[in-house]
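Take a look at the structure below.
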Amino acid sequence: MKNTISKYYPLIPVFAAYLIMFIIGFFMPGMWQMVALLAFYCALGQSWNIFMGMTGYVDFGYVTFIALGTYGMSLGISYFSQFEWLGIGILVIGLILALFLASLSALLEAFIALRLRGAYFAIACIGINEGLRYFIEGAKIWGGSEGMIFFGALMQAFGKETVNQLTTFWADFSVFIIAALAAFLNMHYMRSKIGYALTAVREDEDAAKVMGINTTKYKTIAFLTSGLLGAGVGAMAWGLKLGHVYPGDVFVIHYTVECIVVVLLGGAGTLLGPVIGGLIYGLSKYWLAVIMPGFQLLIFAPIIIIIIVAAPEGVVGLLKRRLKGTQLEMFIE
Amino acid sequence: MPLLKLENVTKRFGGLVAVDKVSLEIQAGELIGIVGPNGSGKTTLFNVINGVYPPEEGKVFFDGKNITRLPAYKRAPLGLGRTFQIPRPFGSASVRENVAIGAMFGTLADKVSVDDSLEIADRYIELVGLEPHKDKEAGTLTPVEKKMMEIARALAMRPKLLLMDEAMAGMNPKDIDDMVKFLKRIKDEENIAIVSMVEHIMRAVAGLAERVMVMNQGAKLIDAKTEEALTDPRVVEVYLGHPTDKSKWRSEVWKEGKDWDE
Amino acid sequence: MIFTLLAGNLTHGLLLGGVYGLATMGLSLIFGVINVVNVGHGQFIMVGAFVTLTMFTTLGLSPVVSIPVALILGMALGFFFFYTVMRRLIRAPELTSLLATFAMGILLEEIAKLIFGADFRGYNWGVGRITLPITTIPMSKVYAFIGSIVIALFLYFWFSKTRLGTAIRAVIEDNEGATVCGVNVGWIYALSFAIGIGLTVMSGVLLTMFIPVGINPYMGGGYTLKAFVIAVLGGLTSPYGAFFAGLIFGLIENGAYTLFALIPGVAPFPLTVSLAFWMLFFLLLVKPTGLLGK
């Protein structure tokens, strides 16, 4: 039994970090907004890393899931806010719609794109993202390029006071929850057959098949998990919090870039990596936005290149190497 | 009932016939060698047997089941294990994890947990003598260690049939003899059939297999008792380009264990 | 009436398709030789666009002059990125090169923004227009098309008649075989990458001859995606496949737009873009080696 629990020790530093962030944000005046931003990046990194870190596949179209999550929540609020008796159930419906849309697209993508390798996979994912965005705009569904504005509907259903709480606290709080959930799932996968199967996939997919591993199944599990978590972040941090959605704002590949930076900074395939990466990225973005607004990416683009060439393991990868053989080893994954 | 049965299996790549109407039966617990020069279709035959690609014609039966169109990952749990000519370790995982992956998705797939698999792995790591390297990343092993790790990984799958692709290439005579002894031992202990594919090293085949199938240009040349097969004039011709003094071939190549690479 | 319109639009599509073809050859060449998909491809097209714009507006030079300038600048950029970054990633896992080229693209965008700002710009190269029975075409578009054909043909002869060109083709066909035959693969990698980038920057010039407006630091992303579709259509590793696929793509794009415009209640432009990506998606599903590939 002790053995089983000790296998989950690496979650301790991750949860501790989230707890400290939460406490700082909750009790120190004026800090909540920044902490929420950091949680957003940690959650996205953690979610993206489940697929990318474990399989070695790069999903450049990851933002599709975040966008569909946003749309799900937006549709839920727009159509169901008229039934006032649903109460908070409106948001539950929104979240369910978000997860439904994301799983639909994840399964479609998995069916087609996961049969492709490397570059072809990356291209196909971008293709889906763009195809979906322009289809929404072109066929004028869900408001087309004008998107949906439902802040008013939200106000009507919940009243000013509750909406204020929902958008300034609960939306961000649920991002914390998603980040923690993502960390837990990632850890759980790493320690279960899924993790072993995906290690084999990452290293040598053909040999993995010969070893009896249903590679498509395990890749799909990771892909779906990663996508659903992303959809959750979208539903809460964009849909509920902002009260509007425009296709041109949500299907933007730059958000995938941010996931990439966060994960690479921290260490791809590690558990603590996205947290460290999210903190470094979030803080420096916040800071750079003050000292040289609009040029954060000018700094980050060369950093990505340098990491890839010089330190592909990221901060946590290096840390793990340092701590190998010490008592602390079991806490870092 | 034979464990593995091939019926007129043919595999083409474009116009090239890589495997040409090969039929073969292997009984449970048998040790058989497949011999043939480079390009004779041995590896392709292996790939057809364990499902890397389906054959154009013919059927493959395993344990009485028609597995001709079954994907590779469904064959391993039935009891088909395999090692590769050039070892293919999962480089970033430890030796222990590599071997555990074998246990996890082999014939015991539904019965073992991750912890069980790691225990099974320990047993086979000990069996192949890799204990000191257990926690090393598999990618950092030497080529021979990688080969041993692959054997442990395949054995941890608890297969009924083990396909070994050039297990002894690049080894010195002593290592070959050790390997032959080792394979015979595990064959008896684990009660598995072993198909060992060998390109050149007659010494290994002679010591190891009770039966040999010789392939040439994709087709089955002969399938007979080892001594008979390796002294057959047709086999000698395939290897030397011309039929030669049978006794010379015998003494120089087979009995003395000369490697034809040298 | 509709047929005249369709024929007119298809003519424009064919001309644009030639430029698309050229704009994709670099992507295919780089993938063919070093097996790297340049995810920052479109940003090099953007560089070409700004070269043209700057030369035209500040120095008053015709876009035709920009063509060789863009080629040289592009090759210089290509060599620079190859020796600083790509060289180290050739044997690394595929995802590293995807991420690196992606970051490269962003770096170019941000540098362009730093220098030129984020506004949309354009220029007016008044070289008249030609009137056909079905449509009227600005001469600049005709020149862009002719330029693309000439460059593609030149490349064709260079590949098939020169020693260096043959060596590059040998590496595309069979990497290891080429090494055995005494080709200096390291140099071929560098040169091909540089030529690939050079071609791409150069195609940016021709594209602005075709569409002289909308020049801004972020214009490249869309072209990367279009180039993917075209490259996959053409078989991904073949620069000539890419050129012909470009022609086909230009025709489909303009043809589809004409037809979508007839459907009431939809926005034809985004729908056309969407179609391109669904095409890509299903193409990858059915025949990942491309329609024109082997």
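Lettering follows sequence order; numbering is per chain, from 1. The structure displayed is predicted, hence computed values, not measured ones.
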Original post:
Considering only heavy atoms, which portion of C/Leu275 lies under 4.5 Å from any heavy atom of chain A: side chain, backbone, both, or neither?
Top reply: neither
**OP:** Decide yes or no for A/Trp48 and A/Asp59: does some side-chain heavy atom of the first lie under 4.5 Å from some side-chain heavy atom of the second?
**Re:** yes
**OP:** Let me know if C/Leu225 has heavy atoms under 4.5 Å from chain A in its side chain, its backbone, both or neither.
**Re:** side chain
Original post:
So does C/Phe80 have more than 12 non-hydrogen atoms from other groups sitting under 6.0 Å from CZ?
Top reply: no
Original post:
Among A/Val58, A/Leu297, A/Ile253, A/Ile304, which has the most heavy-atom pairs under 4.5 Å with chain C?
Top reply: A/Leu297
Subject >> Atom group of A/Tyr57 that falls short of 4.5 Å from chain C, counting heavy atoms >> reply: neither
Original post:
Parallel, tilted or perpendicular: which describes the rings of C/Phe116 and C/Phe50, with under 30° parallel and over 60° perpendicular?
Top reply: parallel
Original post:
Side chain, backbone, both or neither: which part of A/Ala122 has a heavy atom under 4.5 Å from chain C?
Top reply: side chain
Original post:
Would you say A/Leu271 and A/Gln46 make side-chain contact, with heavy atoms under 4.5 Å?
Top reply: yes
**OP:** Determine the option with the most heavy-atom pairs under 4.5 angstrom with chain A, choosing from C/Gly105, C/Ala276, C/Ser274.
**Re:** C/Ser274
Original post:
Do A/Glu130 and A/Phe251 have side chains that get closer than 4.5 Å, going by heavy atoms?
Top reply: no
**OP:** Measure A/Ile260 against the heavy atoms of chain C and call it side chain, backbone, both or neither at under 4.5 Å.
**Re:** side chain
**OP:** Heavy-atom distances under 4.5 Å only: say whether C/Leu89 touches chain A with side chain, backbone, both or neither.
**Re:** side chain
**OP:** Sort out for me which of C/Leu280, C/Val37, C/Val273 touches chain A most, counting heavy-atom pairs under 4.5 Å.
**Re:** C/Val273
**OP:** Measure distances from C/Ile263 to the heavy atoms of chain A and classify the residue's part below 4.5 Å as side chain, backbone, both or neither.
**Re:** neither
Original post:
With side chains defined as the heavy atoms from C-beta onward, is the minimum distance between A/Tyr189 and A/Leu198 less than 4.5 Å?
Top reply: no
Subject >> Side chain, backbone, both or neither of C/Val39 within contact of chain A (heavy atoms, under 4.5 Å) >> reply: side chain
**OP:** Using a cut-off of under 4.5 Å on heavy-atom pairs, state which of A/Gly144, A/Pro312, A/Gly131 scores highest against chain C.
**Re:** A/Gly131
**OP:** Kindly assign one of parallel, tilted or perpendicular to the pair A/Phe121 and A/Phe223, based on the angle between their ring planes and the thresholds 30° and 60°.
**Re:** perpendicular
Original post:
Less than 4.0 Å between a side-chain N and a carboxylate O, is that true for C/Lys226 and C/Glu253?
Top reply: yes
Subject >> Polar side chain donor-acceptor pair, A/Glu146 to A/Tyr246, under 3.5 angstrom >> reply: no
Subject >> Contact class of C/Phe269 relative to chain A, heavy atoms under 4.5 angstrom >> reply: neither
**OP:** Provide the closest heavy-atom pair for C/Gly214 versus C/Phe120 in the form atom of the first, atom of the second, distance.
**Re:** CA-CD2, 3.7 Å
Subject >> Contact class of A/Leu264 relative to chain C, heavy atoms under 4.5 angstrom >> reply: side chain
Original post:
Between A/Ile308, A/Ile128, A/Val261, which has the largest tally of heavy atom pairs under 4.5 Å with chain C?
Top reply: A/Ile308
